[in-house]
Amino acid sequence: MPNISTYKDEGEAYAQIKEAGFHAVELDFPAVENDFHWHDFKSLIYITKGELTLIEQDSGETTTCGPGSKVIGTPGLVHRELSEGYSAILGLSAAPDALTQPIDKPLPVTL
């Protein structure tokens with residue numbers, strides 16, 4: 001499961017993103033219930049509104065994060081997300097326009 005902790009306020013979130021040398025982006029996410037996938041970049045996710053539930057494939061562990069939660073996303077971690085919509089400040093290890101597409105990498109097809 002991704003490393004999950006807390007943060008104090010948006011100022012602290014932006015300071016941590018800057019200290020990590022990451023790119024900051026504020027986003028509002030609509031409701032989601034996606035399939036298992038992975039990302040090829042590291043991320044810092046600071047939930048500011050709503051809730052995000054993360055389910056890790058290997059362990060089946062489920063964690064729900066609300067405002068004040070900080071999620072450290074690790075490249076290659078296979079997970080899925082459930083939410084009725086949330087807002088977050090993201091710290092991305094790569095510039096948003098340099099992220100490879102699709103951002104949610106599908107699992108390999110097995111026969």
Side-chain angles (χ1 to χ4, degrees):
M1 183 53 75
N3 183 358
I4 299 173
S5 60
T6 60
Y7 70 100
K8 181 175 58 176
D9 57 28
E10 291 184 14
E12 179 181 16
Y14 280 106
Q16 289 179 8
I17 291 168
K18 182 177 180 178
E19 183 177 315
F22 284 17
H23 303 268
V25 180
E26 283 188 57
L27 293 173
D28 295 318
F29 293 92
V32 64
E33 184 172 341
N34 55 24
D35 294 328
F36 283 107
H37 64 277
W38 59 279
H39 305 288
D40 61 357
F41 55 90
K42 188 171 182 179
S43 62
L44 304 172
I45 305 166
Y46 300 85
I47 308 294
T48 57
K49 293 180 189 166
E51 288 186 338
L52 171 64
T53 298
L54 299 165
I55 304 163
E56 198 224 334
Q57 183 183 42
D58 288 344
S59 69
E61 185 177 347
T62 298
T63 304
T64 299
C65 306
S69 297
K70 173 186 175 184
V71 180
I72 299 174
T74 306
L77 178 70
V78 178
H79 66 285
R80 61 189 296 247
E81 301 147 347
L82 303 170
S83 177
E84 292 182 11
Y86 70 100
S87 298
I89 301 168
L90 304 181
L92 305 172
S93 61
D97 61 351
L99 296 174
T100 61
Q101 299 297 320
I103 290 177
D104 293 350
K105 308 291 186 224
L107 302 183
V109 176
T110 56
L111 301 176

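Please read these numbers as outputs of a predicted model, since none were measured by experiment.
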(request) With sequence neighbours left out, write down each residue that passes side-chain contact (heavy atoms from CB on, under 4.5 Å) with A94, or none if nothing qualifies. (result) L99

(request) Please name all residues satisfying side chain to side chain donor-acceptor pair (under 3.5 Å) with E10, sequence neighbours left out, ordered by chain then number. (result) none

(message) Tell me every residue that passes salt bridge (charged side-chain N to carboxylate O under 4.0 Å, His left out) with E19, counting only those two or more places apart in sequence or in another chain.
(response) none

(request) State which residues pass side chain to side chain donor-acceptor pair (under 3.5 Å) with E12; sequence neighbours excluded, sorted by chain then number. (result) Q16

(message) Applying side chain to side chain donor-acceptor pair (under 3.5 Å), can you list everything that pairs with T64, at least two apart in sequence or on another chain?
(response) T53

(request) Using side-chain contact (heavy atoms from CB on, under 4.5 Å) as the criterion, list what pairs up with A95, not counting sequence neighbours. (result) H23, D97, A98

(request) List for me each residue that meets side chain to side chain donor-acceptor pair (under 3.5 Å) alongside K105, sequence neighbours excluded, and say none if there are none. (result) T100

(message) For a 4.5 angstrom cut-off between non-hydrogen side-chain atoms, does S83 reach V32?
(response) yes

(message) Under the rule for side-chain contact (heavy atoms from CB on, under 4.5 Å), what residues qualify as partners of E84, not counting sequence neighbours?
(response) none

(request) Apply side-chain contact (heavy atoms from CB on, under 4.5 Å) to P75 and list each qualifying residue two or more places apart in sequence or on a separate chain. (result) K42

(message) Tell me every residue that passes ring pair (Phe, Tyr, Trp, His ring centres under 6.0 Å) with F29, counting only those two or more places apart in sequence or in another chain.
(response) Y86

(request) Please collect all ring pair (Phe, Tyr, Trp, His ring centres under 6.0 Å) contacts where either partner lies in residues 41-73, sequence neighbours excluded, each pair once. (result) Y7-Y46, H39-F41

